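Hydrogens, waters and symmetry mates are skipped; everything else that's a heavy atom, side chains included, is used. All values derive from a computational prediction rather than experimental measurement.
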Amino acid sequence: MPVYDVTQTRKSLWIIFCFIRCIVSLLSLIPEKTMSELPINPLVLIGVGSSFAFSGLFYNLYQAKKEELRKLNEIPIFKPDQHLFKLLKSATRKRFQYIAVEGLVQPDGEPLASEFVPRRFGVVQKISEEEHWEYWNSLTKTWDSRSTNRKQTNHTVPFSLVALGGHTTPGGHDGVGDVYVKVQNPLEATGLDLDRVHRLRHAAEGGVSDAILEDLSGERVVAKAESEELLRVGATVTGFGELVLEADAGAGAGGRVMRLQAPQDGRPFILAPTDYKSYVAWHDSSASLWKMLAVACGAVGTTVLAGTIYDFLKKLYRP
C-alpha cells in the first residue's frame, strides 16, 4: 500500500508557484503600452493556465489517493482473537505477509508513567524541549525570533494489541488464555501520532549580567517550551504489517503469541492511533478534498477562459 507523500505534494506546488513568478517577472519587463495593445491580457492567460495546472495537480493527487484507498480496502482486517490465531497457525510458514490488526494497547510489563500528568500511563513516550531565541538584525534594527536547541527523548516499553474487553491496565498479560499481538519496533512505524498530554511555555529567567551579555552578543533566550506525548494504555490502534508466530510460540501463554512487524517485501509498517473504519474514512475524505479542489480550479479556469474568448470575439467582430 503506497504512503501519501506530503513532501512530493509540497514540491509540486512550489514548482508551479516558482514558474508563475518567473512568468510574471518576465511580463513585468513588457512596456505597459505594449501590454494594452495585445488582444488578450497575458496575465489572464497566466491565471487560466495556473488554474488548469493546479487542477491537474489536484486531480493526480485525487487519483493517487483513490488508488491508495482501493489497496487499503483490499487489506484483510482482524481482531487479536482466537480466530486470527487459528488462521495464522494454519497459514503457510505461520505468516501473513500484510494484514491489518485493530486492538487496544496493553503493556507487556510495567508501562511508562507520564512525567508531568499524574496517573497517566503509556507505552511510547516522547518528551521535547525547545528554546526560543531572539537575534539582533543589524539591517532591520529589530530582534528576529528563532527556535533552536530542540531536544527530543523517546522511550518505549514492549506492548501488544488486545481485543476489546481484554486487559488494558498496568501489569501486562495474565498468562494462559490470553490472545494478543505483540508490536515489534513501534518507532519504525509511520503514522503513529501520539496524544499530547502536556505542553508548557515559560519565559527564560536571567539576571543583570545575562542581559548585558545578551546585548553584547546580539542574541538572547526569551522562552523555553516543553511537551510530552504518549501512546496511552487502552488507546485503539490499527497496525498494518507482517504478522508471524513467535519462534517460541509453543511455550507459555498457550502458544498464543503473535508478532506484528515491518513487512519484508517493503510495504509500509503503519501504526494508526485510531480504529480501522476511521482510518479508511480519513483517507476517503482526503480523496474527496483533492477531487473538490481539482473541480473548483478547473471550473475557475474554464469560466475565465470562456469569458476571455467571448470578449476577444466580441472585439474582433465589433462593427
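Ring orientation note: the planes of His83 and Phe78 are tilted relative to one another, at an angle of 30° to 60°. Aromatic ring pairs are classed by plane angle as parallel below 30°, tilted from 30° to 60° and perpendicular above 60°; the pair Tyr276 and Phe240 is tilted.
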Criterion side-chain contact (heavy atoms from CB on, under 4.5 Å) on Thr238 and Val101, from CA distance to verdict: CA-CA 6 Å; Thr238 303; Val101 180; over 6 Å; no

Step-by-step side-chain contact (heavy atoms from CB on, under 4.5 Å) determination, Leu72 to His283: CA-CA 9 Å; Leu72 182 63; His283 280 268; 4.0 Å; yes

Could you walk me through whether Leu243 and Leu88 pass the side-chain contact (heavy atoms from CB on, under 4.5 Å) check? CA-CA 8 Å; Leu243 187 68; Leu88 183 59; 3.9 Å; yes

Does the side-chain contact (heavy atoms from CB on, under 4.5 Å) test come out yes or no for Lys126 and Gln152, once each step is laid out? CA-CA 7 Å; Lys126 291 184 180 181; Gln152 181 172 289; 4.0 Å; yes

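Within the 4.5 Å cutoff, no side-chain heavy atoms of Thr274 are placed close to those of Trp282. In this structure, the side chains of Tyr279 and Ile270 come closer than 4.5 Å at one or more pairs of heavy atoms. Phe58 is listed as a side-chain neighbour of Leu61, based on a closest heavy-atom distance under 4.5 Å. For the pair Glu228/Ser114, a side-chain contact is recorded, criterion being any heavy-atom separation below 4.5 Å from C-beta on. At a threshold of 4.5 Å between non-hydrogen side-chain atoms, the residues Val304 and Thr302 do not count as touching. Lys79 is not listed as a side-chain neighbour of Leu84, based on a closest heavy-atom distance of 4.5 Å or more. Looking at heavy atoms from C-beta onward, Ile127 lies in side-chain contact with Glu115 at the 4.5 angstrom threshold. Looking only at side-chain heavy atoms (C-beta outward), Phe269 and Pro263 come within less than 4.5 Å of each other.
The pair Arg95-Glu242 meets the salt-bridge criterion, since a charged nitrogen lies less than 4.0 angstrom from a carboxylate oxygen. Taking the charged nitrogens against the carboxylate oxygens, Arg199 and Glu226 have no contact shorter than 4.0 Å, which rules out a salt bridge. Between Glu74 and Lys71, none of the side-chain N atoms (NZ, or NE/NH1/NH2) sits under 4.0 Å from a carboxylate O, so this pair counts as no salt bridge. Between Arg267 and Asp265 there is a salt bridge, since at least one side-chain N of the basic residue sits less than 4.0 Å from a carboxylate O of the acidic one.
Listed for the Ser285 side chain is a donor-acceptor partner under 3.5 Å among the backbone atoms of Ala281. Counting only distance, with no hydrogens or angles, the side chain of Asn73 and the backbone of Leu69 share a donor-acceptor pair below 3.5 Å. Side chain of Tyr98 to backbone of Pro268: a donor-acceptor contact under 3.5 angstrom is found. Between the side chain of Asn185 and the backbone N or O of Glu188, no donor-acceptor pair lies under 3.5 Å.
Distance check, rounded to the nearest 0.5 Å: CD of Glu229 to CG of Leu231 gives 11.0 Å. Put simply, OG on Ser55 and CG on Asn60 are 9.5 Å apart, with the number rounded to the nearest 0.5 Å. We find the CE-SG distance between Met292 and Cys297 to be 10.0 Å, quoted to the nearest 0.5 Å. Atoms CG and CG, from Leu57 and Leu293 in turn, are 10.0 Å apart once rounded to the nearest 0.5 Å. Atom NZ of Lys66 and atom OG of Ser286 lie 11.0 Å apart (nearest 0.5 Å). Within the model, atoms CZ of Arg232 and CG of Leu104 stand 13.0 Å from one another, a figure rounded to the nearest 0.5 Å.
Nearest heavy atom pair, residue Pro80 against residue Ala163, reads CG-N, 3.3 Å. Between Leu192 and Pro186, the shortest heavy-atom distance links the atoms CD2-O, 4.1 Å. Nearest heavy-atom pair, Ala100 versus Ile75, reported as atom, atom and distance to 0.1 Å: N-CG2, 3.7 Å. A pairwise comparison of heavy atoms in Pro273 and Gly191 identifies CD-O, 3.2 Å as the closest pair. When all heavy atoms of Leu271 and Ala189 are compared, the closest pair comes out as CG-CB, 3.7 Å. Minimum heavy-atom separation, Val300 to Ser51: CG1-OG, 4.0 Å.
Linking Ile, Leu, Val, Met, Phe, Trp and Tyr whenever their side-chain heavy atoms come within less than 4.5 Å puts Val233 and Leu187 in one cluster. Residues Val257 and Val162 fall within the same hydrophobic cluster, defined by Ile, Leu, Val, Met, Phe, Trp and Tyr side chains chained together at heavy-atom separations under 4.5 Å. Transitive grouping of hydrophobic side chains (ILVMFWY, heavy atoms separated by less than 4.5 Å) keeps Val117 and Leu194 in distinct clusters. Follow the hydrophobic side-chain contacts under 4.5 Å out from Leu245 and you reach Leu87 in the same cluster. Linking ILVMFWY residues whenever their side-chain heavy atoms come closer than 4.5 Å, directly or via other members, places Phe121 and Leu161 in the same cluster.
Taking a 6.0 Å sphere around NZ of Lys291, one finds it holds 12 or fewer heavy atoms contributed by other residues, nucleotides or ligands. Enclosure of atom CZ in Arg70 by more than 12 non-hydrogen atoms of other residues, nucleotides or ligands within 6.0 angstrom is indicated. Around atom OH of Tyr59, no more than 12 heavy atoms belonging to other residues, nucleotides or ligands sit under 6.0 Å away.
Checking each of Val124, Leu112, Leu230 against His155 for a side-chain contact (heavy atoms from CB on, under 4.5 Å) leaves exactly one that passes, namely Leu112.
Using a 3.5 Å distance cut-off with no hydrogens or angles, the side chains of Ser160 and Asp108 do pair a donor with an acceptor.
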